Every structure is written in structure tokens, then in C-alpha cells.
Peer 1: 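Below is one structure. I have some questions about it.
None of the values given here were measured: they were computed from a predicted structure. Numbering of residues begins at 1 and proceeds along the displayed sequence. Only heavy atoms go into these numbers, but all of them, side chains included; no hydrogens, no water, no symmetry mates.
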Amino acid sequence: MNQESNHNTHGHESHVHTVLSNSVEEIQTEWNVSPATVKPKQDTEISLSIKSNGKNMISFSAVHEKQMHILVISHDLSIFQHLHPNYDGEGKFIVKTTFPKAGKYKIFAEFLPDGSAQQLAKYDVKVEGEEQDETVNSDKELKKHVDHLMFELKFDDLTVKQPVLMTFTVTDSKGSKITDLEPYLGSAGHVVIVSEKMDEFLHVHPKDEAAKGPDVEYMTTFPISGKYKIWGQFKYLGKLYTVPFVINVQVSK
């Protein structure tokens with residue numbers, strides 16, 4: 001799937017080309033952000049219309065209970081939002097959010113038109129104000145406390161272009177294993193991964209969608225070497241936990 005985007009303009013159109021049964025279907029994604037000048041902590045509406053060869057696409061399949069997943073990520077990778085827009089039934093999706101701080105953001109939209117393949121559209125937004133980007137540093141230890149839970153991340157290997165087994169292990173503050181994770185959007189957990197320059201995007205789902213912990217396993221492949229930020233999302237006792245990690249993927253020796 002190739003995508004061409006005109007960046008840093010509000011209301012732009014991007015093109016996604018998908019090969020379907022020996023024919024090429026051109027899917028256009030028309031974005032609009034309101035207000036046109038976005039400020040930090042300001043209510044902002046993001047809308048996008050999906051068209052095929054100039055006509056509205058109407059039917060979309062639900063993937064993990066939603067017809068569209070929107071990921072809003074700041075360029076310094078410090079801000080992460082996983083949103084689910086409302087669909088008007090006529091090809092347009094709308095969601096409201098706020099951007100916590102000034103700077104550049106990239107919005108990823110995942111959707112599955114009926115009869116087509118999974119699509120990924122991208123859009124850049126500039127939030128006005130003085131930028132204070134954070135440095136992206138690899139984690140020395142892949143263990144994180146989020147409220148009362150501990151998340152540990154392990155890999156069987158971390159080389160580029162090779163299948164990688166990625167395992168999250170969830171325990172409570174006393175070290176006891178959590179064995180009753182709840183489904184989040186119909187899955188044991190969702191994982192979003194982006195490269196440091198945001199040119200690679202991976203949305204990974206568990207090997208076992210019904211897993212309840214303490215281990216939740218994923219298979220993925222890192223297409224290029226370098227730093228990646230990983231956000232794992234899990235639900236426990238009715239609360240959604242989002243845990244971030246930064247890793248460094250090397251070229252295999």
C-alpha cells in the first residue's frame with residue numbers, strides 16, 4: 001500500500017492505492033481539522049471523509065469492535081492518544097480531542113472498507129506555541145509501574161526484519177500475577193509501535209486474543225533498525241492502562 005500526502009495543510013487529501021483482484025482502487029482520505037489554527041488544550045475536531053474514485057465509501061467493517069482507529073502521536077513520541085471517531089453513515093468520521101502541548105503531531109487512521117484491504121492514512125498537524133520536545137531515550141530496564149500494576153516487556157530477539165516474539169507480563173504491586181485481564185476492544189491487549197522518525201507504524205494484536213495474563217504474547221517484525229516507542233494497552237478491573245517503552249532494534253550480525 002502506497003500513500004502520498006500533502007503535509008501541514010488543513011483539509012488536505014491523501015491517496016491510498018490498494019490492489020484488488022487485478023485492478024487498482026484509489027482511495028482518497030480528505031482530512032479537516034477545526035479550528036484551522038490549533039492551540040494546546042483547545043477543543044479540536046478532526047474529521048475525515050473516505051472516497052473511492054471520487055465517490056463516498058459507505059460500508060466499513062469493524063476491526064476490534066470499531067470501524068476506525070485513530071492514533072494521535074506527537075513527533076517527540078511523548079503524547080499518545082487512541083481514539084475512536086463517530087461515523088455519520090455517509091463516509092465521514094468525526095472525533096474531538098485536545099492536544100496537550102505545542103508542536104508537531106502525526107495522526108494515523110486505520111480502517112477497513114468493505115471489499116477492500118486494511119488501510120492506513122496519515123495526516124500532520126501543527127499545534128501553535130513554543131515547542132518543548134522531549135528526548136527519545138531507550139529504556140535501560142523494560143519494567144514500568146502504571147498506578148498499581150507492574151508491566152514487564154521481553155523479546156526473544158531484537159533484530160531487524162526478523163519475526164520477533166514480544167511478551168508483556170502483568171503483575172500487581174506485590175508481585176502477584178494478574179490472571180484476569182479484561183478484553184479491551186475485544187482483545188487481551190493492543191500494542192502500537194512507531195519508529196523514532198514516525199516513518200514506520202505497527203498496530204499489533206495478541207497471538208491469543210482471549211489471553212487473560214499474566215503473559216500476553218505478540219508477534220511482529222521491525223522493518224528498519226533504530227529506536228521505536230511501544231505503547232501497550234490493557235484493561236483491568238474496568239480501568240484502561242497504557243504503558244510505554246522505548247527500545248533499540250539492531251541490524252542482525
Side-chain angles (χ1 to χ4, degrees), residues 1 3 14 16 18 20 27 29-31 44-52 56-73 79-98 105-123 146-147 149 151 153 166-170 178-194 201-220 229-245:
M1 177 177 66
Q3 177 167 323
S14 61
V16 182
T18 305
L20 291 173
I27 296 177
T29 307
E30 297 179 356
W31 297 79
T44 304
E45 182 180 276
I46 302 168
S47 68
L48 55 160
S49 298
I50 314 299
K51 300 177 182 292
S52 174
N56 286 349
M57 300 191 78
I58 304 299
S59 298
F60 299 86
S61 297
V63 177
H64 286 95
E65 300 183 351
K66 300 295 181 180
Q67 290 174 301
M68 180 174 286
H69 296 262
I70 286 184
L71 294 309
V72 179
I73 303 174
I79 305 297
F80 171 85
Q81 299 177 0
H82 184 171
L83 309 175
H84 301 107
N86 294 318
Y87 179 49
D88 71 353
E90 299 296 329
K92 179 182 283 189
F93 292 84
I94 300 173
V95 68
K96 292 184 178 180
T97 190
T98 58
Y105 292 76
K106 190 176 289 291
I107 305 174
F108 299 89
E110 289 186 300
F111 54 96
L112 179 58
D114 285 353
S116 185
Q118 183 86 6
Q119 306 293 319
L120 177 66
K122 306 173 187 178
Y123 182 55
V146 180
D147 294 334
L149 296 184
F151 296 86
L153 181 59
M166 178 173 61
T167 304
F168 283 84
T169 301
V170 188
I178 299 297
T179 58
D180 52 352
L181 290 173
E182 300 161 8
Y184 171 52
L185 299 173
S187 175
H190 290 256
V191 172
V192 171
I193 306 170
V194 297
F201 175 91
L202 306 170
H203 193 171
V204 191
H205 298 113
K207 290 175 62 180
D208 178 6
E209 300 278 6
K212 294 184 178 295
D215 295 334
V216 185
E217 296 182 331
Y218 303 79
M219 291 298 301
T220 191
K229 189 155 188 177
I230 300 170
W231 292 270
Q233 294 192 288
F234 304 89
K235 192 174 181 182
Y236 180 62
L237 297 180
K239 180 176 180 178
L240 180 63
Y241 292 79
T242 300
V243 54
F245 292 98

Peer 1: Looking at E90, is its backbone amide N or carbonyl O close enough to the side chain of N56 to form a donor-acceptor pair, meaning the two atoms are under 3.5 Å apart?
Peer 2: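 Present.
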Peer 1: Report yes if some heavy atom in the side chain of F201 is under 4.5 Å from a heavy atom in the side chain of I193; otherwise report no.
Peer 2: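 SC-SC contact between F201 and I193 ruled out.
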Peer 1: Grab the two heavy atoms, one from A109 and one from W31, that are nearest each other, plus how far apart they are.
Peer 2: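 Minimum heavy-atom separation between A109 and W31: CB-CH2, 3.8 Å.
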Peer 1: Below 4.5 Å, heavy atoms only, C-beta onward: do I50 and F60 meet side chain to side chain?
Peer 2: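 They are in side-chain contact.
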Peer 1: Please give me the minimum heavy-atom distance between P244 and W231, naming the atom from each residue.
Peer 2: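 Nearest pair, atom of P244 first, then W231: CB-CD1, 3.9 Å.
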Peer 1: Hey, does S116 have a side-chain heavy atom less than 4.5 Å from the side chain of I27?
Peer 2: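 Contact flag for I27/S116 side chains = yes.
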Peer 1: How far apart are the C-alpha atoms of Q67 and S61, what are their side-chain angles, what is the distance that settles it, and do they pass the side-chain hydrogen bond (donor to acceptor under 3.5 Å, both in side chains) test?
Peer 2: CA-CA 6 Å; Q67 290 174 301; S61 297; over 6 Å; no
Peer 1: Could you point out which residue of H84, H205, H64 forms a ring pair (Phe, Tyr, Trp, His ring centres under 6.0 Å) with H69?
Peer 2: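 For H69, the ring pair (Phe, Tyr, Trp, His ring centres under 6.0 Å) test succeeds with only one of H84, H205, H64, which is H84.
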Peer 1: Less than 4.5 Å apart, side chain to side chain, heavy atoms only: is that true for V63 and H203?
Peer 2: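 No, every pair of side-chain atoms sits at 4.5 Å or beyond.
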Peer 1: Roughly how far, to the nearest 0.5 Å, is the CD1 atom of I73 from the CZ atom of F80?
Peer 2: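 If we round to the nearest 0.5 Å, F80:CZ and I73:CD1 are 6.0 Å apart.
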Peer 1: With sequence neighbours excluded, tell me which residues meet side chain to side chain donor-acceptor pair (under 3.5 Å) with T242.
Peer 2: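 Scan of T242 (side chain to side chain donor-acceptor pair (under 3.5 Å), adjacent residues dropped) gives Q233.
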Peer 1: Find out whether L149 and I178 are in side-chain contact, i.e. whether some heavy atom of one side chain is under 4.5 Å from a heavy atom of the other.
Peer 2: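 Yes - at least one pair of side-chain heavy atoms lies under 4.5 Å apart.
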Peer 1: Got a donor-acceptor contact below 3.5 angstrom from the E182 side chain to the D180 backbone?
Peer 2: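 It does not hold such a pair.
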Peer 1: What are the two closest heavy atoms between G186 and E209, and how far apart are they?
Peer 2: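 Closest approach of G186 to E209: O-OE1, 4.3 Å.
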Peer 1: Any side-chain heavy atom of L48 sitting closer than 4.5 Å to one from I70?
Peer 2: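 In contact.
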Peer 1: For the residue pair K239 and Y236, would you count it as a cation-pi contact if the rule is NZ or CZ under 6.0 angstrom from the ring centre and within 45 degrees of the ring axis?
Peer 2: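 Checked: cation-pi criterion not met.
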Peer 1: With heavy-atom distances below 4.5 Å as the criterion, would you say the side chains of L71 and I107 are in contact?
Peer 2: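 No, their side chains stay 4.5 Å or more apart.
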Peer 1: Taking everything shown except N86 itself, do over 12 heavy atoms lie less than 6.0 Å from its CG?
Peer 2: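 Atom CG in N86 is not packed in, count stays at 12 or less.
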Peer 1: Let's go through D215 and T169 carefully: what are the C-alpha distance in whole Å and the side-chain angles of both, what is the deciding distance for side-chain hydrogen bond (donor to acceptor under 3.5 Å, both in side chains) to 0.1 Å, and is it a yes or a no?
Peer 2: CA-CA 4 Å; D215 295 334; T169 301; 2.6 Å; yes
Peer 1: Looking only at the aromatic ring of each residue, does the gap between the centers of Y87 and F93 stay below 6.0 angstrom?
Peer 2: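 That pair passes the under 6.0 Å test.
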Peer 1: Are the side chains of D88 and I94 in contact, using a 4.5 Å heavy-atom criterion?
Peer 2: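 With C-beta onward as the side chain, the pair stays apart.
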Peer 1: Kindly give the heavy-atom pair with the smallest separation between L112 and A117, and that separation in Å.
Peer 2: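 Nearest heavy atoms, L112 then A117: CD1-C, 3.4 Å.
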Peer 1: Does T98 offer a backbone N or O that forms a donor-acceptor pair with the side chain of Q81 under 3.5 Å?
Peer 2: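 Yes: the side chain of Q81 pairs with the backbone of T98.
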Peer 1: At their closest point, which heavy atom of H190 faces which heavy atom of S187, and how far apart are they?
Peer 2: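 In this case the closest contact between H190 and S187 is NE2-CB, 3.7 Å.
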Peer 1: Please check if the distance between the ring centroids of F151 and F168 is under 6.0 Å.
Peer 2: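 No, the ring centres sit 6.0 Å or more apart.
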Peer 1: Taking all heavy atoms of P85 and all of M68, pick out the closest pair and write down the distance.
Peer 2: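 The pair with the smallest heavy-atom distance is CD-O, 3.5 Å.
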Peer 1: Measuring from atom CG of L202 to atom OH of Y218, what distance do you get when rounded to the nearest 0.5 angstrom?
Peer 2: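 Taking CG in L202 and OH in Y218, the distance rounds to 13.5 Å.
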